[in-house]
Protein chains: 2
Amino acid sequence: MSSAAEVRTIALAEFAASGYAATSVQRIAILAGLSKSAVLYHYSSKEILLQSAVQPALDTMEAMVSTLESCAFDDAAREAFIVNFVDFLLAHRLEVYLFINQGPTLIDVAVAHRANAVVLRLANFFDRSTSTVQDRMRFSIALGGAAYMLCSERYLKRQQTPDAVTRLALVTIMSELLAPVGTRPARS
Amino acid sequence: MSSAAEVRTIALAEFAASGYAATSVQRIAILAGLSKSAVLYHYSSKEILLQSAVQPALDTMEAMVSTLESCAFDDAAREAFIVNFVDFLLAHRLEVYLFINQGPTLIDVAVAHRANAVVLRLANFFDRSTSTVQDRMRFSIALGGAAYMLCSERYLKRQQTPDAVTRLALVTIMSELLAPVGTRPARS
DNA sequence: TCAGGTACTGACCGATCGGTCAGTTATGCT
DNA sequence: AGCATAACTGACCGATCGGTCAGTACCTGA
């Protein structure tokens with residue numbers, strides 16, 4: 001892996017684990033075995049480093065939400081979205097965790113506005129497709145809960161579950177949480 | 001409200017909303033209409049201010065988990081715990097949000113160890129009372145999701161739901177998420 | 001061989017951080 | 001009134017922050 005890519009990977013992990021504000025460029029440099037100047041050579045500022053680290057995930061999520069908004073939201077589409085979304089969460093858990101629980105704190109970071117906007121678009125989409133308070137709450141819990149679950153395994157001792165197992169269970173739980181009232185499946 | 005209590009309240013809100021590391025004592029002072037020195041007069045350090053702000057919630061949660069661990073965990077106890085826990089979440093949403101998604105980042109803050117420990121105790125308790133990966137995931141999602149949902153309402157536009165309504169819906173959702181496989185209720 | 005670009009370093013900048021301290025104002029008891 | 005104590009301020013401290021800059025080692029194509 002190139003130095004630049006390695007710095008990006010390390011920065012993403014540190015931003016997610018310790019917070020953007022609490023992670024210094026100096027610390028990222030040390031973890032990458034470089035000087036602070038070298039990090040700022042590859043990425044001209046800390047903010048641009050964050051942006052570079054989360055951009056691919058953000059692009060993917062924006063595309064997913066756009067697709068969702070532009071098609072009829074029947075049961076099949078809902079099911080397909082959940083599977084896609086779970087795969088997205090598994091592939092970009094650090095980015096999602098970062099957006100979800102640091103989004104509001106990064107008020108003067110440009111890329112955070114994009115992140116907050118796309119989360120809000122998704123939330124509003126589910127708001128429009130349901131009418132009850134409980135269903136809105138279910139969406140928030142599914143989103144925030146999945147992001148938390150996927151990253152809390154790591155820092156609490158708890159054994160790491162293989163992605164394939166996590167994927168199946170998460171699809172089940174998300175389907176249950178996001179199913180509209182009246183069609184919610186009974187679980188055995 | 002006394003100055004000291006006001007500072008504590010403001011600090012808790014800011015720590016939860018913007019992160020402990022990203023919130024300066026100076027900022028808390030300005031929001032409270034005081035000088036930085038005045039804040040450090042009431043609370044001798046930033047860390048002690050955090051500790052003072054979250055201590056009541058932490059005491060309550062430790063007591064709740066102790067009660068849980070010391071009684072038979074039948075269906076009635078599970079149901080009673082969920083109701084108590086939801087009330088706890090509603091009363092201390094900021095503290096829980098702070099613990100849940102800043103706990104791991106505050107590695108050298110003493111009170112964070114207590115917070116992480118009690119969360120881990122609760123997680124391990126549910127681990128022991130179930131055997132499936134999915135049930136463990138359900139617990140994480142319920143905890144992280146509830147914390148996220150209760151605080152995301154505030155900073156996203158979304159209308160504030162009255163606590164009484166939130167309480168009922170949250171008890172329903174948490175019961176569904178935390179019910180052991182085989183007894184999970186069908187929802188209409 | 002040597003010019004030029006890439007990757008990097010260390011010294012340094014102003015700003016802000018958490019925290020200390022001497023001194024000042026306000027309050028309340030005797 | 002007088003005085004202790006509580007509440008608070010502003011100046012200041014060393015450390016660290018994000019970021020700049022001049023300089024250097026190294027590789028590559030001409």
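Below, each value reflects all heavy atoms present in this structure, side chains not excepted, and no hydrogens, waters or symmetry copies.
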Please table the atom pairs, donor to acceptor, closer than 3.5 Å between any side-chain atom in residues 28-42 of chain A and protein atoms at least two apart or in another chain.
residue : atom : partner : partner atom : Å
A:S35   : OG   : A:A38   : N            : 3.3

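- One atom, CG of B:L34, and another, P of D:dT9, lie 6 Å apart when rounded to the nearest Å.
- Under the 4.5 Å side-chain heavy-atom criterion for Ile, Leu, Val, Met, Phe, Trp and Tyr, B:V83 and B:L68 are members of the same hydrophobic cluster.
- Taking atom CG of residue A:L40 and atom P of nucleotide C:dA7, one finds them 15 Å apart after rounding to whole Å.
- Taking atom OH of residue B:Y43 and atom P of nucleotide D:dC8, one finds them 11 Å apart after rounding to whole Å.
- Among the nucleotides D:dA11, C:dA11, C:dG19, the one closest to the side chain of B:S37 is D:dA11.
- Between B:N101 and A:I100, the closest side-chain pair of non-hydrogen atoms is not below 4.5 Å.
- Whole-Å rounding puts the B:E6 CD to D:dA7 P distance at 14 Å.
- Judged purely by distance below 3.5 Å, without hydrogens or angles, the side chains of A:R121 and A:S66 pair a donor atom with an acceptor atom.
- Of the candidate nucleotides C:dC8, D:dT9, D:dT20, D:dT9 has the atom nearest to the side chain of B:A38.
- Atom CZ of A:R78 has more than 12 neighbouring heavy atoms from other residues, nucleotides or ligands inside a 6.0 Å radius.
- Phosphate contact (OP1/OP2 of C:dC8, side-chain N/O of A:S3, threshold under 4.0 Å): present.
- The 5' end of DNA chain C is approached more closely, in terms of each residue's nearest nucleotide, by A:S35 than by the other of B:S45 and A:S35.
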With a 3.5 Å cut-off and sequence neighbours excluded, list the donor-acceptor pairs that the side chains of residues 139-147 of chain A form with protein atoms.
none

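- Here A:Q160 contributes atom CD and A:T166 contributes atom OG1; the two are 9.0 Å apart, rounded to the nearest 0.5 Å.
- Across the protein-nucleic acid pair, B:I30 atom CD1 and C:dT16 atom C1' stand 12 Å apart, rounded to whole Å.
- Each end of the helix from C:dT1-D:dA30 to C:dT30-D:dA1 gets its own axis from five base pairs, and the two axes differ in direction by 0°, given to 10 degrees.
- Distances from the side chain of A:Y41 to the nucleotides C:dT6, C:dA11, C:dT20 place C:dT6 closest.
- The closest donor-acceptor contact from the side chain of B:R114 to the backbone of B:Q55 lies at 3.5 Å or more, if one exists at all.
- Between the side chain of B:K36 and the base of D:dG10 there is no donor-acceptor pair of N/O atoms closer than 3.5 Å.
- Distance A:E14 CD to D:dC17 P: 13 Å, rounded to the nearest Å.
- The separation between B:Q51 atom CD and C:dG18 atom C1' is 17 Å, rounded to whole Å.
- The interatomic distance linking B:D108 (CG) with D:dA15 (P) rounds to 18 Å, in whole Å.
- Residue whose closest nucleotide on DNA chain D sits further toward the 5' end, between A:S44 and A:Q26: A:Q26.
- The side chain of B:H42 places no N or O atom within less than 4.0 Å of a non-bridging phosphate oxygen (OP1 or OP2) of D:dA6.
- The residue B:S24 sits close only to the backbone: its heavy atoms come under 4.0 Å of sugar-phosphate atoms, none of a base.
- Residue contacts for B:S2: at a heavy-atom cut-off of 4.0 Å it reaches no nucleic acid atom on any strand shown.
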